[in-house]
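We're numbering straight along the sequence, starting at 1. Remember, it's 1-based here, ligands and their atoms both numbered in the order they're listed. Note: hydrogens, waters and symmetry copies are ignored here, and every other heavy atom, side chains too, is used.
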Amino acid sequence: MPNTKVALWVDEMAKLCKPDKIYWCDGSEEEKKRLTQDALKTGELHDLNQEKLPGCYLHRSHQNDVARTEHLTFICTPTKDEAGPTNNWMAPAEAYDKLGKIFDGSMKGRTMYVIPFLMGSWGSPYAKIGVELTDSLYVVLNMRILTRIGNRVWDLLGDSDRFTRCLHARADLDLSRRFICHFPQDNTIWSVGSAYGGNVLLGKKCLALRLASYMGRNENWMAEHMLILGVEDPSGKTTYIAAAFPSACGKTNLAMMVPPPSQTGYKIWTVGDDIAWLHIGKDGRLWAVNPEAGFFGVAPGTNRKSNPNAMASVEKNAIFTNVLKRPDGTVWWEGMDGEVPAEGIDWKGEKWTPSAGTKGANPNSRFTAPASQCPSISPEWENPEGVPISAILFGSRRTHLTPLIYEAFNWQHGTFIGASMASETTAAAQGAVGVLRRDPMAMLPFCGYNMGDYFAHWLKMGALIKNPPKIFCVNWFRQDASGRFLWPGFGENIRVLRWIIERTEGKGSAAESPVGLLPGKNALCLDGLDLSAKDLEQLLDIKRTEWQEEASQIEKFFGQFGDHLPAALGEECRALHKRLRE
Ligand code: OXD
Ligand code: MN
């Protein structure tokens, strides 16, 4: 039973949104069946071939609502300074007032669903409770997959008011009346005018990253945009790695990677593919939990070669968003295995043929699937304490400059590498694709407070962790002058992970460079790989003049944080300049 604090808040929000009905989700299987039928009737879901894809459904979003809208996402702290220069800011009173007017009466004729949910596994001391109110069945059915929902959450909450208050209404999907507002001090999120995943599945980016990063800062833990994986070696030993990459840069593929046959005895275990909550364990190491229960993965490019485990995860009980529907009621997206279908219904709901000259699936089309269905899911993925992390990776999409792999000299240098990360933009957020932007720790769109203070928090955590993980930077996307990718990527990335693990064990040779430690001669296992010596040289090449320009750009980027920038990062930047000159 929900406590009186929940009941009072739901009552207050219902008075604002004025739904015809309020429905309290219990999380049961019977409820899932009933709400799925309701969604089929309202058109929020479309049926698929239930023999070939049991329990799977298709959703088509509005055409103006297919990606996160970062320019409409706000951090509403009492002062602008607390939100920092990289976040949009709105004063809390102004935001409540502005959005309140849009929420007012927005659910007339509709049902308000009350979803009690848990981020983190049952029984985990690190799990956090949220309650989302929404008028979207798509949200309810996705939240069922991505989080743990149901009456058990009320029992966990007891009579406490420590829950995140999440309010969502589709309203009229008008871009000029779309806002995603976060109130860290009130543990509250208000999202209106969108029905796209990252904007409305409020447990994910909004709670588990933006609000959680703020909580972590106050409570000495970290909420990061990181996958978590375990690498089992031929002796049966598993080493855990957390890795931050910007949206749509292959986190899901890396988290579920299948090593090639030449790498006998190595196996990847998936713990999480998008978000990690990191705490200091009793042993002085950093431990990671995945707060989510499912995957919200990018569909295009996913196939049996690039990610067989993701393909197996979506064979049943999945929701597909904005993909193409084939005549036989199965789904397709660009880059899927097999023949391109001769015809289908595209993501806009229109008849499509390959000659249409348009994409059948939206470039940011998605699948939502339960993590438990992933063949590589780790036996530890729901361990309430998490898994101990030996290495942290920062990765980005850079066609030039950044080598395939290098190691930070120490935690402070690693923090600098993360803070200065830049990547070419993707379709996961609205806006131009392929433009280089600084995306510190892949958290630029997800940090719930001033990023300068966030860097300071990283440095503070480094001092608190007795046995900190080693930090590395990877780039699978480097190209030669003709635009050819130099590294095969996907399963072959295990070769890079093997060197990383050796380094965490005090083994594996390394050679110093101005930017960090590169693999020593023959340190990367390249047996059975068709990679020329010239390609390898280019993959690990440090071009001093380009790096000098990079260091100046970083300095400029850091400048915007003013006195919020920790002095140590300024020092790291100067040290990089100096090493490049030597
Ligand atoms: C995501 C994103 O959906 O980062 O995970 O955009
Ligand atoms: Mn993400």
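Looking at Asp274, its N, O or S atom nearest to the Mn ion (ligand 2) turns out to be OD1.
For the atom pair Thr302 OG1 and Arg366 CZ, the distance stands at 10.0 Å (nearest 0.5 Å). Of the inter-residue distances, the one linking Phe295 atom CZ with Asn309 atom CG reads 9.0 Å to the nearest 0.5 angstrom.
Summary of contacts: the protein heavy atom closest to atom 1 (C) of ligand 1 is Lys205 CE, 3.2 Å. For atom 3 (O) of ligand 1, the nearest protein heavy atom (residue, atom name, distance) is Arg366 NH1, 2.9 Å.
Distances shorter than 4.0 angstrom occur between a heavy atom of His225 and an atom of ligand 1.
Between Trp333 and Phe320, the ring planes are tilted. Angles from 30° to 60° get that label.
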Residues Asn64, Arg178; criterion side-chain hydrogen bond (donor to acceptor under 3.5 Å, both in side chains); working and verdict: CA-CA 11 Å; Asn64 78 7; Arg178 178 176 303 164; 2.9 Å; yes
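Considering both main-chain and side-chain atoms, Tyr196 never comes within under 3.5 Å of ligand 1 through any nitrogen or oxygen pair. For the pair Lys204 and ligand 1, the shortest N or O to N or O distance does not fall below 3.5 Å.
Those atoms of ligand 1 with a heavy atom of Phe446 less than 4.0 angstrom away are 4 (O). The contact set between ligand 1 and Ser247, taken as ligand atoms under 4.0 Å from a residue heavy atom, comprises 2 (C), 4 (O), 6 (O). Residue Arg68 approaches ligand 1 through these ligand atoms, each under 4.0 Å from one of its heavy atoms: 2 (C), 4 (O), 6 (O). The Asp274 neighbourhood of ligand 1 comprises atoms 5 (O), with distances under 4.0 Å to a heavy atom of that residue.
Taking 2.8 Å as the threshold, Phe446 does not count as a candidate ligand of the Mn ion (ligand 2), since none of its N, O or S atoms lies below it.
Residue contacts with ligand 1 for Phe245 are absent, since no atom lies close enough (heavy atoms, distance under 4.0 Å).
Ile268 pairs in a side chain to side chain contact (heavy atoms under 4.5 Å, CB included) with only one of the listed residues (Met257, Glu232, Met256), which is Met257.
Geometrically, Arg165 engages Phe163 in a cation-pi contact, judged by NZ or CZ lying under 6.0 Å from the ring centre and within 45° of the ring axis.
Taking the six-membered ring for Trp and the full ring otherwise, Trp411 and Trp458 have centroids separated by under 6.0 Å.
Other residues, nucleotides and ligands contribute only 12 or fewer heavy atoms inside 6.0 Å of the NZ atom of Lys359.
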